[in-house]
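Counting starts at 1 for both ligands and their atoms, following the listed order. Values in this document were obtained by computation on a predicted structure and should not be read as measured data.
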Amino acid sequence: MDKNKTRPCPVCRKAVSQDMPDAPFCSRRCRQIDLGRWAAGDYRVEGESAMPWELENDED
Ligand SMILES: [Zn+2]
């Protein structure tokens, strides 16, 4: 595995070649999942008073 050409997929952490058409995601599915997370987070912040970093701390 060439570390100079691969990165972990932001969604599933699978090594992704930066030559891939869906990079930095391993697949179109992971790209959609990541976009969905951002969209859901935006709606959640607007709808509730909880801060994003507080939500992340709760997960830990
Ligand atoms: Zn992935």
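In terms of heavy atoms, Arg37 sits closest to Pro10 at NH1-O, 4.4 Å.
Atoms CZ and SG, on Arg29 and Cys9 in that order, are 12.0 Å from each other to the nearest 0.5 Å.
When hydrophobic residues (I, L, V, M, F, W, Y) are linked wherever their side-chain heavy atoms come within less than 4.5 Å, the members clustered with Met20 are Val16.
Judged as a salt bridge (charged side-chain N to carboxylate O under 4.0 Å, His left out), not a single pair has a partner in residues 8-18 (not counting sequence neighbours).
Among residues two or more places apart in sequence or in another chain, the side-chain hydrogen bond (donor to acceptor under 3.5 Å, both in side chains) test is passed with Asp22 by Arg31.
Excluding waters, the count of protein N/O/S atoms less than 2.8 Å from the Zn ion (ligand 1) comes to 4.
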